[in-house]
Amino acid sequence: MDYLLSESQVMIRDLARKIAQEKIKPVAAHYDESEEFAWPVMKILAESDLFGVYLPEQYGGLGGGILDMCLVTEELSRACGGIALGYAGTGLGTLPILLHGSEEQKKKYLPAIASGKRLAAFCITEAEAGSDAGSIKTTARKEGNKYILNGTKQWITNAGEAEIYTVIALTDKAKGVRGASAFIVEKGTKGMEFGKKEKKMGIRASATREVIFTDCEVPAENLISREGMGFIVAMKTLDTSRPGVAAQAVGIAQGALDCALDYSRTRVQFGQPISSFQAIQHMLADMGTQIEAARALAYSVARMVDSGAKSVSKESAMAKLFASDVAMKVAVDAVQIMGGYGYMRDYPAEKFMRDAKITQIYEGTNQIQRNVVAANMIKETLKK
Amino acid sequence: MNIIVCIKQVPNTTDVRIDPVTNTLIRDGVESVINPFDAYAIEEAVRIKERCGGKVTAITMGPPQAENALKEAIGLGCDEGVLVSDRKFAGSDTWATSYTLACAIEKLETYDVILCGKQASDGDTAQVGPGISTHLDIPQVTYVKKISEINEKSAKVERMTEEGYDVVETPLPCLFTVVKEINTPRMPSLKGMMRAKSAKIIKWTAADLEADPAALGLDGSPTRVVKIFTPEPRKGGEMISGSPAEVAKELAELLKGEVV
C-alpha cells in the first residue's frame, strides 16, 4: 500500500530496511540465543543517523516526527524485535525531554541522543506499580539544589546500557499521582545501580534490568517541567510512544509473514508447494490483510501525533492494541504454516512468536489500552 | 590529502545475461549499483580522509544515469562527484576507458592517492585501475588488503598474493586497487544522503577533457570483443557402482582405455 510518505521518509525507511536486512537479520538468532546487547548494531544505527530522525534539527536531529521513528522501528523489528527495542526504548526515554524538557535540558541531552552516542531509558514501572502506574513508591526528596531519589524501578528497557534515564518519582507522597515528578538521571550518578539482567521469553537481545536508587543525588535542574507534573509527563510520553509499539508489532508481524510466505513457496507436500493449497493461501491472505490494517492505523495515529493533535490517548491506545494483537496472531499462524520447522529454533518463526507477545503487554497491557479506548469513547458521548 | 576513487555502475545481478547478437551485456530491467569492489575503495578513501584529512572525489565514466552512483558515493562520505560522460566514449575498451579517466584525473587540481576496486563485477578484467596509473605515469599497487601507513609523501601497504601478502612501500601519488579484505564498508548515513541529494555533480564531456579524440571510444580501443559466451556447463561424470574391489578394477580399465 502507498502511504504517501515524503521523499525523506522513503529514504529513512529504505535505509532502515537495508540495515535491518543486511546487518540485523544475519545476527538476530545469535543475539536471541546469547542475550547480549547488540552494541555493534547500535553503532551502525548511530552512524547512519537513524537515532535522530524524530528530533529537531537544532538538536542535531533530522527534524522528522513520530512517523519517521515508527518507520525505523518497524523495519528494524522486521529483522529483530529485540534489537529494535534498543532503538525504540531510547525513543521512549527521550520523549519526556523532547515533550516537556526545558531549552537547557534539550540542548544538553538531545544532541548526544540524536547522534546515537548515548542511549536513553524510561523508568516508571515498579514491582507493585505496573498497570496501576499511579501507585509508584520511588521518592524524590528536595534538599537544597538537589533531589534525593530512593526506590527501585523494575523491568527497565535499556537499563545498564543507556546513559540517560528519565525517571518518575514522588516528590509529594500525600498527593498520590499529583505528587509525581519526572527527572533526568545520568548513568554513573552516585546512588544509582542496576539489578541483574532479566531472562525473558522474547526480545532477548534487549536489556531489561532493575534500576535501584539509594540516596541518589540528582541536580535540581534535572527536574523535567515542574514538581507534580510527573504523571502528566509520563502519560503524554506514553500516548506519543504507543504508535512506536504498534510499529514494532507491525514489523514483527511482517517478519513472521515474510518467513511463512517464503517457506510456503518452497515447501513441497503431496507433490506441490504448500502455497498452492487454499488452506495455506487463506491464512496468508488474512495475515497480509491484518498487517496492512495495523500498519495503516499505526501510521495514521503517528501522523495525528505529528500534526500536533491535543489528545491522542484513544487513538494511540487503539493502534497499540490492534497492532500487537495482530502481531501475536500472525506470528502464531506463521509458526503453524511452517509446522515442525516453525517450532524449531533453527528457523526464525518461533522467535517472532516469542517477540510478538511482549507487544501485548508492555507500555500498558492491551486490557489497559481497552480501558483507555472505552473511557474516551464514553467521555466523548457525554460531551455531545 | 586529495583522494580520488574511481567507481563504475554495474548491473545488480550475479546472473549477467549477454545479448548473443551484439555481444554486450543486457542491461534492460536490471537495476544498476556501484560495483561491489568499488564500495571497498570508497570506504578506504573515506577512512584515509578521516585519518589524514583532505577531500575525496569520486569519479566515474558512464551514461548520464551514472550520476546516481556518484550521489550514492557522496552519501557514503565522498565530498564530490565527477561524471565523465559523452557519446564519444561509447565502445571504449579498458585501454580507452583508463585513458579517459586518466585525462579527467589530470584535469582535477592535484591528487595524492587514487583508489579503485580490484575489478568490476561485470567485465572482470581488472585492467582499468592499472591502465589509469600507466596513463598517468604513477606507481600502482594492485590487490591491496591493508593500508598500514600513509602520509603526504608515501604509503606502506599490504598486497595480497596467492600465497600470502607483500609489504610494499611506495611514494605518492600512487594508484591502489583494493580487495574486499581491506575493510567493511559502512552503511550510508541519512545526513550524507541528504547532502548527496542536493550535491552538484561535476559533468565533463570529451571536449572538457582536452583528450586526443582518436584515443577515445571505439576508435581508441585497440581490442575488440569478438564473442562473449556462456561456457557449456560441465557434463555430469560417470558413476561406477559395486564393491570397492569391483569399482577399482573397472576404473582402472576405463583409465587404461582412455590412455591417461
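Within 6.0 Å of CD in A:Gln272 there are more than 12 heavy atoms belonging to other residues, nucleotides or ligands. Other residues, nucleotides and ligands contribute more than 12 heavy atoms inside 6.0 Å of the NZ atom of B:Lys107. In B:Lys197, the NZ atom is crowded: over 12 heavy atoms of neighbouring residues, nucleotides or ligands sit closer than 6.0 Å. No more than 12 heavy atoms of other residues, nucleotides or ligands lie within 6.0 Å of CZ in A:Arg265, so this atom counts as exposed by the packing criterion. Around atom NZ of B:Lys55, no more than 12 heavy atoms belonging to other residues, nucleotides or ligands sit under 6.0 Å away.
Heavy-atom proximity under 4.5 angstrom to chain B picks out A:Lys23, A:Ile44, A:Glu47, A:Ser48, A:Asp49, A:Leu50, A:Val53 from residues 23-53 of chain A. Residues of residues 69-94 of chain A lying within less than 4.5 angstrom of chain B, judged on heavy atoms, are absent. Chain B is approached within less than 4.5 Å, heavy atom to heavy atom, by A:Glu7, A:Ser8, A:Met11, A:Ile12 from residues 4-12 of chain A, ordered by number.
With sequence neighbours excluded, the residues that form a side chain to side chain donor-acceptor pair (under 3.5 Å) with B:Glu44 are B:Asn183.
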